[in-house]
Number of protein chains: 2
Amino acid sequence: MAKAARRVTSADVARAVGVSRTTVSFVLNDRPGQSIPEETRRRVLEAAQRLGYRPHAPARALAAGRSDIVLLSLHSMTQGPTVTSVVEGLAAALAARRLTLVLHLGGEGTRPLPDVCAAVAASAVLGLEPFDAATSAALYEAGADVVLPTETDSLADYQREVGRLQAEHLIARGHGRIGYATPGIALAEPIANERLRGVGQACAAAGLAPPVVLTVDLEADSAARAVAGWRQEGVSAVCAYSDEVAVAVLAGLRERGLAAPDDLAVVGVEDMPTARLAGPPLTTVAFDSHALGRELADAVLEALEGRRYGLAADARHFRLIPRSST
Amino acid sequence: MAKAARRVTSADVARAVGVSRTTVSFVLNDRPGQSIPEETRRRVLEAAQRLGYRPHAPARALAAGRSDIVLLSLHSMTQGPTVTSVVEGLAAALAARRLTLVLHLGGEGTRPLPDVCAAVAASAVLGLEPFDAATSAALYEAGADVVLPTETDSLADYQREVGRLQAEHLIARGHGRIGYATPGIALAEPIANERLRGVGQACAAAGLAPPVVLTVDLEADSAARAVAGWRQEGVSAVCAYSDEVAVAVLAGLRERGLAAPDDLAVVGVEDMPTARLAGPPLTTVAFDSHALGRELADAVLEALEGRRYGLAADARHFRLIPRSST
DNA sequence: GCGCGTTGGTAACGCGCGTTAGTGAATGGG
DNA sequence: CCCATTCACTAACGCGCGTTACCAACGCGC
């Protein structure tokens, strides 16, 4: 602790090898178009390793005018094991291109996203749902080169596909009147609306009436009231916004002395770890979250290179897992 | 898009006001010991606002030798709604001191933590479980000023307290032989072991035999086997590592045609959203996650100022929520 | 009038790095 | 033997900022 702990700089490496700082920089950055003899390269790398040299990121960002940071914005509703998996896929794909992913969790009292973007000097800012125009503009203002996805990206297609899969499964099981269980949470609404739209499309395609939408809080009696409402309307199966909401509906049934799937079929979304442990085990729509992460990563990388990127709903990412609740 | 989009610098602000860059810096950083007339201060702030000036974080970090970034390291087991809440509390408390919190989610193929620390130039690195000596050293090497918590911090006390609360509740309910359900996951083991130790202490204090430990995967039949094992040993109540594991045990009971609490009482940890929706609603240990976040924030702030910090288990943060599974 | 502290500033350095423009030596072609 | 090219490498600038050292003007006591 007595040492001043001065950091090792590229000048130290240069001095150790007996070359200029420029050469060190060329070696460490694999500068294309600059021929470096193998011997020199080796000695530089060895010295850097031996001295424990690590480029100072802020200095690098300042000089180069760009950073290696990608920021992913999350909030309490874009969370859970599935998101974890998306993040892993994304981080791994970015790491392969020497980019570092960090997360920001928005919420009460936390800093506004543009501030965070500026604080880490992110070159790209990502989200799991589209940024509106004003937010995008603020992020560009804060120094981001790429903001993704925006409203023009057809990310909403993914969510509609989810709803469609849920409804088609129930319709194939012979249900003629479908309900939809939405949580009463503002943050969830953008996604909930898209999923509901997908359910509606499937119903229309099968010649059925539009789904009966009821709000279900994560409380058994709230769910019980909704269950009563659906049964009154002749609904025999409901699509839930998420597995959590689906579990609430199961609890509502239990409270009324009823059970899925005979009294009401229930299908969720996410395949959370406890979905298969519910009573009865929950039918749900899962998605290949690693693939989704990689796809997002591809889009960022394309965009960072200044090329057009494609971000389209790929139905193969989603699949319905039939269990005993339908 | 035609504009070169040059960023606004403090020199632009200085020029607009007609003062030196130094003065601008003094005003924006509230430099103590430098008297600035109210009129000048006002004009600088106004110009900065009007031009949309935002200090360039990397340049600032380079010049000042420190950054405003705090990095929190998570992995798939330190995740979920409760952690979200801890993060919110932490982020809010840090934001009040002009520090920015970002998250790193470790996992397969992601960058090593020291790399991430260096990439964002974090001045502090936090975790939800202690860093071992080697990791701490690597983080300091990577430029962190503060690493927290370490093995010398009594953070483990928190986890023991959790286990103790679970066991004491069951013992108070008259159970004489206690089981422990641990997940078969390496990442969870450090915490699981501490919680188990707390359970063991409570058992010993009540003059009971040590808990019967069985591994429970998040599958109904794995849990069913464990249930059979406990009943064979005369266990009438089990503490589960988490709510998820507890829900698995409930599923295992169901598979055997049994039910909590009569055939086996079950208590979880976390109070996840679906805990109250389980069949039967789950007794669990919840904790005041916002308070935990604030406490962590206080410790970081103290440590960043170079002062000693205290990080002690406060039992008031935890409470047992009795429901119908015990 | 002079010394002296305070007020309200400024000029200039350097943080660590990427990058551009060059430079001397070796090489090859005519 | 001379010129052109390639090779291997370097000097020096500037990114945007915090900070230190310094300075002119002013009031005030003597």
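Chain identifiers are assigned alphabetically (A, B, ...) following the order of the sequence lines, protein sequences preceding nucleic acid strands; residue numbering begins at 1 within each chain. As the structure is a prediction and not an experimental result, all values here were calculated from the model.
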Inspect the contact between R111(A) and D68(B) and indicate whether a charged nitrogen and a carboxylate oxygen are less than 4.0 angstrom apart. no
Nucleotide paired to dC30(D) in any strand shown, Watson-Crick or G-U, under 3.5 Å: dG1(C)
Under 4.0 Å between a side-chain N or O of S35(A) and OP1 or OP2 of dA8(D)? yes
All side chain to side chain contact (heavy atoms under 4.5 Å, CB included) counterparts of P55(B), not counting sequence neighbours: Y53(B), R60(B)
Output yes when at least one side-chain N/O atom of R31(A) is less than 4.0 Å from OP1 or OP2 of dA8(D), else no. no
Does dG9(C) have OP1 or OP2 sitting under 4.0 Å from an N or O in the side chain of T40(B)? yes
In whole Å, what is the span from the CG atom of D12(A) to the C1' atom of dC17(C)? 13 Å
Once rounded to the nearest 0.5 Å, what's the spacing between atom NE2 of H75(B) and atom CG of L105(B)? 9.5 Å
Does a donor on one side chain sit under 3.5 Å from an acceptor on the other, for D145(A) and Y140(A)? no
Looking for any heavy atom pair under 4.0 Å, which part of the strands does R66(B) touch: base, sugar-phosphate only, or nothing? sugar-phosphate
Answer yes if the ring centres of Y158(B) and F287(B) are under 6.0 angstrom apart, and no otherwise. no
Length of the line joining N29(A):CG and dT19(C):P, which is rounded to integer Å: 7 Å
Return a single string for nucleotides 10-16 of chain C, one symbol per nucleotide in 5' to 3' order, where B is base contact, S is sugar-phosphate-only contact and - is none, cutoff 4.0 angstrom on heavy atoms. BBB-BBB
For E46(B), is there an ion pair with R50(B) - N to carboxylate O distance below 4.0 angstrom? yes
L28(B) CG to dT19(D) P, in whole Å, measures 13 Å
